[in-house]
Each structure stands twice: as structure tokens, then as C-alpha cells.
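Working notes for the structure below.
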There are 2 protein chains.
Amino acid sequence: MTLSRHLLFTWLLATLTTLSLHGADLSGKWTSEFDSQIGLQKYVFEFEMDGDKLTGTASYDHSMGKGTATLQAIELEGDKVSFTEPLEAQGMKLTITYEGTLAAQEMKLSRHVGDFATEQIVAKRAPIPHVDAQGRWVAPHPERNIPILPALAAPEDTSFYAERDVPHGKVEIVRYPLSAGGDKQMHVYTPPGYNPDDSATRYPVLYLNHGGGENDSHWTESGKTNYILDNLIADGLARPMIVVMPDTSGVVSGNVPQLGEDDACTTEYLQDILPYVDSHYRTDPRRESRAVAGLSMGGFVTLNTGFSHLETFGELYVYSSGYWPTMVEQFEQNFAPILNDPAINEKFYIPIYFGVGETDIAMVNSMKTEAVFARHGIRRYSVLSSHGHEWLNWRRYLHQTAQIMFPANR
Amino acid sequence: MTLSRHLLFTWLLATLTTLSLHGADLSGKWTSEFDSQIGLQKYVFEFEMDGDKLTGTASYDHSMGKGTATLQAIELEGDKVSFTEPLEAQGMKLTITYEGTLAAQEMKLSRHVGDFATEQIVAKRAPIPHVDAQGRWVAPHPERNIPILPALAAPEDTSFYAERDVPHGKVEIVRYPLSAGGDKQMHVYTPPGYNPDDSATRYPVLYLNHGGGENDSHWTESGKTNYILDNLIADGLARPMIVVMPDTSGVVSGNVPQLGEDDACTTEYLQDILPYVDSHYRTDPRRESRAVAGLSMGGFVTLNTGFSHLETFGELYVYSSGYWPTMVEQFEQNFAPILNDPAINEKFYIPIYFGVGETDIAMVNSMKTEAVFARHGIRRYSVLSSHGHEWLNWRRYLHQTAQIMFPANR
């Protein structure tokens with residue numbers, strides 16, 4: 001790059017670093033919608049901080065018109081914020097006074113329109129546009145760094161999934177009711193120390209999906225999931241978690257769903273599997289405590305079910321999988337609203353993970369699918385390993401990724 | 001996937017595993033072109049092995065016609081191979097006898113046409129089509145696994161680039177002549193134990209490029225390259241290597257070159273830098289012993305110079321860089337012959353590496369450029385780290401990647 005571009009980069013970086021030092025920061029865009037005597041009002045507040053000086057505007061859109069006003073008397077002390085908006089309506093000059101508290105992502109404000117009306121409103125921080133007009137990435141430093149992906153285990157290493165002399169979790173086979181009628185079996189791992197009667201402790205849940213022609217038994221029988229987790233937890237390398245291994249044979253599909261039209265697998269997950277797990281186990285039911293992973297055919301559970309329901313799943317892992325090259329374009333089309341969401345990366349504190357082997361028959365599928373995420377600037381972990389479409393790799397991918405799942409204290 | 005598709009996968013895998021057990025393997029396609037009394041002859045030999053039974057065909061194309069003959073008396077014992085090709089030309093029935101030796105990638109054969117002529121020919125193994133008609137990856141297990149990428153150093157770790165009490169290499173500033181006239185300065189690191197008079201020892205070379213607004217001093221002054229290498233070599237984690245740090249200010253460009261039309265930077269590399277280094281240092285001048293890496297603006301040396309000259313450079317590393325989004329399409333167009341080369345992955349034993357930070361202003365550029373490689377199924381290492389466009393990351397990327405460079409004994 002030229003020197004001037006380099007200096008611009010340096011300046012940008014310095015600016016971003018400065019901003020990130022402020023906890024509750026007023027600068028930026030805030031949006032608010034609220035009902036009032038004149039109907040729905042839409043506001044965008046925009047503040048700038050230059051040294052100690054605060055300036056700002058309010059753009060309004062309501063039944064009496066649209067416009068932009070320059071805000072006055074802007075004051076910020078700790079988390080207390082106040083400012084006024086001049087209003088001229090039907091020949092009257094009035095002042096709208098705002099006062100309230102500021103948090104990282106929202107302001108709660110009392111809005112006084114002269115002496116006529118008072119409304120309690122909430123202004124939410126607008127998503128930061130992460131790409132500027134030149135396509136550069138513009139993101140403030142996050143509160144917590146992205147975790148460092150540990151190195152893969154060596155292909156000849158069998159110790160990480162051996163039955164060691166450490167506290168063992170429990171694997172149980174349970175049956176859950178299907179809303180379509182009947183019931184179905186799944187394997188569930190609960191970590192060492194799990195106590196169904198301890199209502200104070202809540203665990204994150206990994207939903208771990210098998211490959212084609214397999215069933216809910218394979219992730220423990222061939223995958224050694226329970227030993228991998230036992231060992232990592234004993235060594236302090238993974239957070240104690242519940243691992244749910246359902247049987248998705250016959251419902252999971254390599255076809256790309258339409259957003260809003262859940263396929264059979266997603267429907268079973270949302271209507272049957274999650275409600276059963278969250279009501280029968282001590283789960284932390286927040287999205288950031290729910291991960292979905294799958295190998296080969298199970299990777300489509302990650303993509304079709306997980307990626308289409310980011311309000312439900314917070315972490316996504318694709319092992320040796322990806323859409324067939326003929327379907328990749330359809331994936332990009334059908335998932336465009338999610339792929340193009342400017343706030344998409346805020347939903348991926350733990351980036352989506354793609355792991356595939358250098359002789360893996362799914363290597364090209366995985367890469368071409370990953371390319372769609374990369375082209376949209378979506379945060380990813382991407383691992384190319386030795387070996388192919390085999391348990392030697394899937395055990396290693398689980399071992400590697402379980403170490404970054406559900407970082408504590410976030 | 002359906003059960004049948006799963007079984008197909010299993011079968012494919014089994015087939016590939018079987019084939020990979022054979023060192024010098026006759027099965028597959030071999031091509032040969034040679035001059036003869038009837039002019040240029042083009043042959044494609046194709047062999048199949050079914051248990052112990054060998055069958056094969058020869059497709060020929062020469063001045064007397066085109067056709068395919070069934071090969072006979074095919075014998076393979078150790079690396080000795082022989083077979084015959086029936087020939088009927090101008091009413092005469094003749095036998096062409098081939099005998100010679102087989103290696104992994106070529107056969108050297110004596111070709112006897114009856115008693116009339118004998119030619120010494122070489123048949124080369126045709127590149128294996130790595131993607132089948134369904135787009136599946138079809139690759140035999142390589143002789144040597146892809147290396148495991150070590151985990152990044154922690155952002156707060158300063159020990160890996162500290163001046164430790166270990167044997168130190170030497171950093172010298174040298175001037176090399178420019179073919180355009182004049183000369184120019186570069187920094188060169190030689191590892192501990194490097195002896196200019198020891199003609200028996202040859203070292204691989206990393207060409208390490210600075211960012212915009214910087215020069216040949218920054219990779220040692222800010223990047224601590226010499227200490228990073230000293231420490232890794234002392235710990236047995238990196239191979240002793242020469243690191244050449246030129247000053248590419250004013251010649252490197254973020255524009256996409258046309259293949260075959262080297263830009264100023266590539267020209268200087270090929271005409272001035274490499275010849276100087278290979279004639280003044282104990283280098284191993286093979287492509288697989290030459291890596292090119294660069295940060296930010298220097299990443300364009302990796303892409304514009306390195307990726308366009310894979311006959312010269314064997315390993316490519318891109319730190320915090322990538323084409324601007326508006327240029328990515330042109331990159332894909334201009335580099336299409338390389339990107340679409342079915343044998344491209346055979347040139348990347350060490351996959352191309354992209355490292356970028358989560359708040360890096362180059363994150364989107366890096367991802368969008370990487371997406372082109374991913375879409376073409378090209379082997380990559382891809383690392384998303386914490387932090388931004390800064391030395392904290394570039395030192396970590398160098399530390400991580402120096403550990404996979406130039407694997408010994410390959």
C-alpha cells in the first residue's frame with residue numbers, strides 16, 4: 001500500500017483503540033422506536049466525541065414529519081446521560097429533554113416534550129458497520145479476545161480418547177417424544193459431578209451429530225466422545241458440558257432449506273429435541289451455551305439447522321462436510337439474509353469451524369462451502385488435517401474444538 | 001447422505017487406501033511424447049490392476065494415424081516393467097516391445113519396433129484428477145502427512161521473541177546490484193552455525209516482506225525475526241534457515257498482475273534478489289526450499305510474485321493481507337490458469353497460509369482473497385487470531401509458520 005494508505009490504517013487503528021478503552025461509550029448511532037400521542041416515532045441519535053466535546057444529532061420520522069435536529073446540552077457523567085432536542089411544531093418552539101442511563105448496548109431515557117408529555121424510551125446501539133466504504137474491516141477491539149485454537153492431536157495419538165483414571169461422566173440412552181407421534185432414542189453424556197438435583201448449576205450443551213448410515217451410538221462407540229470429554233475436563237482444558245447425540249437418520253438432508261421453512265431435522269430439533277433436553281437436564285438454555293457440531297452428513301445439521309437458527313445456537317462446528325458443489329450457489333442464495341447481515345460476526349464470538357482432511361472425499365465440498373462464508377467476511381476457524389473421511393480425524397476435531405467451546409465468564 | 005452414498009464413500013476410501021500402499025504403482029495414466037522415424041508420436045498408456053492381474057491400453061497419435069491398442073504380456077516385478085503393443089501397419093503385423101524401470105512419477109522405457117527401430121522414451125504419470133465428476137475430492141494418501149499447525153502464541157506472550165541465552169544467528173545488511181542499475185540494501189539472517197565456507201550444508205530460504213511505509217529493517221527491528229528463529233531453532237521447533245528481508249517499497253503493488261507479465265517486484269525478485277542470494281549464500285535453490293511470506297503490503301509479494309511463480313517458490317504465507325475487494329475478481333480472472341490447474345494441490349505440500357486478526361483492517365480483504373483459493377479447492381492453512389493490524393500479530397504468525405516451513409526429509 002502507499003504510504004498515505006498506511007498512515008490511514010495507522011490512524012484508524014489508533015482511533016479504534018482509543019474508542020475501545022471506554023466502557024459505556026456514547027459515540028455512535030442509537031435507534032429508538034416508541035409510541036406517543038402522535039403515534040409511532042422513529043429516532044436515530046448519532047453522537048460524536050472529540051476530546052471532551054460531545055456533539056450529536058437526532059433524526060426523527062413520525063406522523064408530523066421527518067427531519068434532523070442538532071442536539072444541545074449533551075452531558076455524560078459516568079453512566080448518566082442527558083441532552084435536549086429543539087422542536088418547532090405548528091409555530092411553537094419547544095424543547096424536548098432526554099435524561100437517563102447509558103449501558104454498552106442501550107440507553108434508557110425519559111423523554112419530556114415541554115410540559116405536554118413524558119415517554120420512557122429505549123435507544124439501542126445500532127450495529128457497527130463492520131466494513132467501510134472501501135471494504136476495510138472496521139471493528140472495535142472486543143471485550144474478550146477470540147480463543148486460540150489448540151493444535152490438532154497427532155494422527156497416531158490415541159491417549160486423548162483413552163479411558164484414563166480420571167472422574168468419568170455418564171452416558172445414558174434416553175427416549176424423547178416426537179411431536180409427530182411416537183418416540184426416539186438418543187445418547188446423552190453428562191459430565192463428572194453432574195447432579196440432576198442441583199438446580200444451581202447449569203451446563204452448556206453440545207449437540208453432536210453422526211454421519212450417514214450411522215446413528216446415535218456412533219459418537220460414543222467410534223468417536224469416544226465420553227472419554228475425550230472426561231480427559232479434557234480432568235485436565236482443565238474443556239468446560240464441563242452436556243453432550244446430546246441424537247439419531248437424525250432419515251430426517252437430516254444435504255439439501256439447502258429455505259429460510260423460514262424448517263426441514264424435518266430442524267423441526268425435530270426445535271420442537272422435540274431441545275425442549276426435551278432443556279426440561280430434563282440442568283442446561284443453560286441461552287444460545288451462547290448451545291453448540292451444534294456434526295460429521296459428514298451431520299455437518300448438514302450444523303448448516304441447515306444451526307446456521308438458520310442463530311437465535312438458538314451460538315456455536316457451529318462442521319467436521320468433514322459441506323454442500324455438494326452443485327448446491328453451494330443455492331446455499332448462498334437461500335441464506336443471503338443471514339450471510340449479508342452486517343451484524344453477523346457479532347453472533348460468532350466463537351467463529352464457525354470447518355475441519356477437513358487432505359484426503360477427505362468431502363474436502364472440496366467443505367472448501368467450497370467455507371468459501372461462501374469467507375467471501376462474506378464471516379469469522380471462521382479453518383483446519384486442514386492429514387488423513388481422510390474417518391474417525392481418526394473426527395475424534396481429533398472434537399478434541400480440538402471442545403477446548404474452545406463455551407468460554408467461561410463471557 | 002443416503003446409505004448408498006455413504007457406502008460409495010466407504011468403497012472409495014478403501015480403494016484409495018489400497019492403492020496408496022503401493023510405492024511404485026503402475027496403475028493409472030502415463031503420457032509420453034517422443035521423436036521417431038515417423039515424426040513426433042504421442043502416447044497415453046493406461047494400466048489397471050485387478051488383484052494380481054494387469055491390463056492396459058496404449059492410445060497413440062502420430063503421422064500414420066490414431067488408435068488404441070490393447071497391451072499384452074504386461075509384467076511388473078519390483079521396479080522392472082515390460083509389455084508389448086501389437087502393431088499392424090501397411091499390411092505388416094509387428095510387435096512393439098517396451099521394457100524399463102518404473103518410479104513413482106515416471107517410467108523410463110526402451111521401445112523396440114520389431115527389428116526396425118529402438119527409441120528411449122519417458123512416460124510421465126498424468127496428474128491424478130483430484131475431483132471426480134460429482135465434485136468429490138479423490139486423492140491418494142500422500143507419502144508424508146500435512147504438518148499440524150501449532151497453536152498461535154498467546155497475545156501476551158513475549159518470551160518467544162525475547163533474546164534468550166541460546167546460540168544466535170547473524171543479521172547482516174548487504175547490498176545487491178539491480179539489473180536496472182544501481183544497488184539496494186537488504187537484511188539477511190543466517191542461522192546459528194552457518195558457515196559460508198561449508199559447501200556441504202545447504203539451507204532453505206524464507207523471503208520475508210515488510211508492510212507499507214516500512215523497509216528491510218522492520219522484520220528484525222519490530223518483528224524480532226532473528227530472536228524468533230534463534231529460539232525456535234534452539235528448541236528444535238524450526239529448521240535452520242536463511243531469512244532474506246528485502247526492501248520492496250516502491251516496487252510492490254496491490255494491483256493484480258497478468259500472468260506472464262511480471263510486475264516490478266517480481267522482476268526484481270527473479271532478476272536481482274534470488275540470483276544474488278543463491279550466489280552469495282549456501283542456499284538450497286529448489287522451489288520446495290524457498291518460501292515467501294509478507295505482512296500487509298508485503299502479502300502482495302506472496303501473491304503477485306510467489307503465487308505466479310510456483311516453479312520458483314514452494315511455500316506461501318500471507319499475513320494480514322489480501323486484495324482489495326474490488327480487485328478480487330480480477331485476481332480470479334488473471335490467475336485462472338493457476339487456480340484451475342488440476343495439479344495445483346500437488347504444488348502445495350505445505351498449504352498456502354492466511355493469518356489475520358479479528359480487528360484487523362485487512363480482515364475482509366484477507367477473507368475474500370482466501371475465498372478464491374477455497375472455492376478452487378486449494379489447500380490452505382487459515383488462522384483467525386485476536387488483535388489487529390499490528391506487530392503483536394505478525395510476530396505470532398511468523399513464530400507459528402516458521403515451525404511448519406521446510407519439513408526435513410521430504
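Proteins come first, then strands; the chains are lettered A, B, ... in the order of their sequence lines, and each starts at number 1. All values reported here derive from a predicted model rather than from experimental measurement. Computation of the quantities below employed the complete heavy-atom set of this structure, encompassing side-chain atoms and omitting hydrogens, waters and symmetry-equivalent molecules.
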>> Quick check on the 6.0 Å ring-centre criterion: do B:Tyr353 and B:Phe348 meet it?
In response: no
>> Parallel, tilted or perpendicular: which one describes the rings of B:Tyr319 and B:Tyr397, with boundaries at 30° and 60°?
In response: tilted
> Between B:His376, B:Met367, B:Arg380, which shows the greatest number of heavy-atom pairs under 4.5 Å with chain A?
Replying inline: B:Met367
>> Looking at chain B, which one of A:Pro351, A:Ser382, A:Ser385 has the largest number of heavy-atom pairs inside 4.5 Å, strictly under?
In response: A:Ser382
>> Testing A:Phe373, A:Phe300, A:Trp324 one by one against A:Phe331 for a ring-ring contact (aromatic ring centres under 6.0 Å, His included), which residue passes?
In response: A:Phe373
> Is there side-chain contact between A:Glu370 and A:Val318, with at least one heavy-atom pair below 4.5 Å?
Replying inline: no
>> Please classify the contact between B:Ile148 and chain A as side chain, backbone, both or neither, with a heavy-atom cut-off of under 4.5 Å.
In response: side chain
> Under a 4.5 Å heavy-atom cut-off, does chain A meet the side chain of B:Pro150, its backbone, both or neither?
Replying inline: backbone
